[in-house]
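For ligands, and for the atoms within them, numbers begin at 1 and follow the listed sequence. The structure presented is a predicted model; accordingly, all values stated were derived computationally and were not measured.
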Amino acid sequence: MDISGVITARKALFDEYLDRYLGEARTASGIFEAFAYSLQAGGKRIRPVLAMLACEAAGGGAAHALPAGLAVEMIHTFSLIHDDLPALDNDDLRRGRPTCHRRFGEATAILAGDALIFQALSVLCAAPYPAQVKVDLCTFLAEVCGTNGLVQGEHEDVMAEGRDVPLDTIEGIYGRKTSRLFEFCLYAGARVACEDAALTRALALYGTHLGHAFQAIDDILDVTSDSRTLGKSAGKDIAQSKATVVKVLGLDGARSWAQNATDRAVQALDGIGGQGTHTLREIARWMLERAM
Ligand code: GRG
C-alpha cells in the first residue's frame with residue numbers, strides 16, 4: 001500500500017476545505033490575520049487525516065469527517081500558538097515560519113489562539129451532523145482539552161522541566177498533552193460515520209496508543225533531526241531539560257518504547273476487519289519511521 005499517497009490525498013482534501021472555510025470566514029482584523037497565518041502555515045495535518053481515515057474505517061466517506069477534522073486542527077493550532085509563547089516554550093520557529101507571537105506580538109497571538117478554540121466549537125455546531133452527534137463531539141472535545149487532557153498535560157510538562165521524573169509520570173504527560181487529542185480524532189471520525197459504540201471505542205483506543213508513539217517520535221526527532229527539517233527548533237528538550245522518554249530511556253530505549261506503543265495501537269484494531277483498518281495499521285507503522 002502507498003501509505004504516503006493515502007495521506008497526501010486526505011491532506012489535500014483537508015487543505016482545500018480549510019482554504020474554503022477561511023475564504024468564507026475572513027474578516028478584516030488583526031486577529032483573523034494571525035489566526036489564518038498559523039492555520040495556513042502548513043503542518044502535517046495528521047489529526048484531520050486520522051479523523052478522515054477513522055470515518056472511512058467506520059463506513060463513511062473521508063469528506064464527511066472534514067468539519068470534525070477542521071475543529072481538531074484549530075484546537076491543535078491554538079495549542080501550538082500558546083505552547084510557543086514566552087511563558088511556556090518561548091519558541092521562535094513553528095511550521096517553518098516565525099511563531100505567531102514573533103510575527104504579530106504576544107497579545108495578538110494569545111487572542112488568536114483563544115479565537116481558534118471558539119471557532120472550533122462553532123465549526124462543530126454548524127457541521128451537517130445530527131444534533132446528538134454534535135453534542136457528543138463538543139462534549140468529548142471539551143473533555144480531552146480540559147483538566148484531564150491537553151491543558152493539564154501541558155501544565156504537567158512545564159512543571160516537570162528540570163526534574164527527574166519517572167517513566168510513568170512521562171507516560172501520563174504524553175497521554176494528556178498529546179494522546180487525548182489523537183483519541184478525539186479517531187472517536188470523531190467514527191462517531192460521525194456510525195452508531196457502533198464498540199467500533200468507535202476500539203478506534204479511539206488505537207488513537208490513544210498512536211498518540212503515545214507519535215509524541216515519543218516527536219521527542220526522538222528533537223534530538224536526532226534539525227530545525228530546517230522539522231520546521232521548529234530542534235534540540236530544545238535537552239536545552240530545557242524536558243521530561244521525555246529519550247531523557248529516561250535513551251534513544252534506543254525510546255525507539256523500543258514507541259514501537260511498543262505502536263504495537264498496542266495495532267492490537268486495538270484486532271477483530272475489526274476491512275480495508276480502512278488495514279490503512280490505520282499501515283499508518284501506525286509509517287509514523288514510526290517519519291522524518292518530520
Ligand atoms: C487549552 C486545549 C488547550 C491547550 C493549552 C498549550 C497547551 C495547553 C497544550 C500544548 C500541548 C502540545 C504543544 C503538545 C505537543 C503535541 C505535538 C507532538 C505537537 C506537534 O504536532 P505535529 O507534529 O505538528 O502534528 P504539525 O505542525 O505538523 O501540525
Could you check ligand 1 for N or O atoms lying under 3.5 Å from protein N or O atoms and list the pairs with distances?
from, atom 1, to, atom 2, distance (Å)
ligand 1, 21 (O), Arg47, NH2, 3.2
ligand 1, 23 (O), Lys44, NZ, 2.6
ligand 1, 25 (O), Arg47, NH1, 2.7
ligand 1, 27 (O), Arg95, NE, 2.9
ligand 1, 28 (O), Lys44, N, 2.9
ligand 1, 28 (O), Lys44, NZ, 2.9
ligand 1, 29 (O), His76, NE2, 2.8
ligand 1, 29 (O), Arg95, NH2, 2.7

Is the closest basic N to carboxylate O distance between Lys232 and Asp218 below 4.0 Å?
yes
Heavy-atom donor-acceptor pair, Tyr129 side chain to His64 backbone, under 3.5 Å:
yes
Regarding Lys242 and Glu161, does a basic nitrogen lie under 4.0 Å from an acidic carboxylate oxygen?
yes
Please answer whether the main-chain N or O of Gly105 pairs with a side-chain N or O of Thr108 as donor and acceptor at a distance below 3.5 Å.
no
Angle class for the Trp257/His212 ring planes (parallel below 30°, perpendicular above 60°, tilted otherwise)?
tilted
If you apply the rule salt bridge (Lys or Arg N to Asp or Glu O under 4.0 Å), what do you find for Glu73 with Arg95, and how did you get there?
CA-CA 14 Å; Glu73 187 67 12; Arg95 293 176 162 172; 2.9 Å; yes
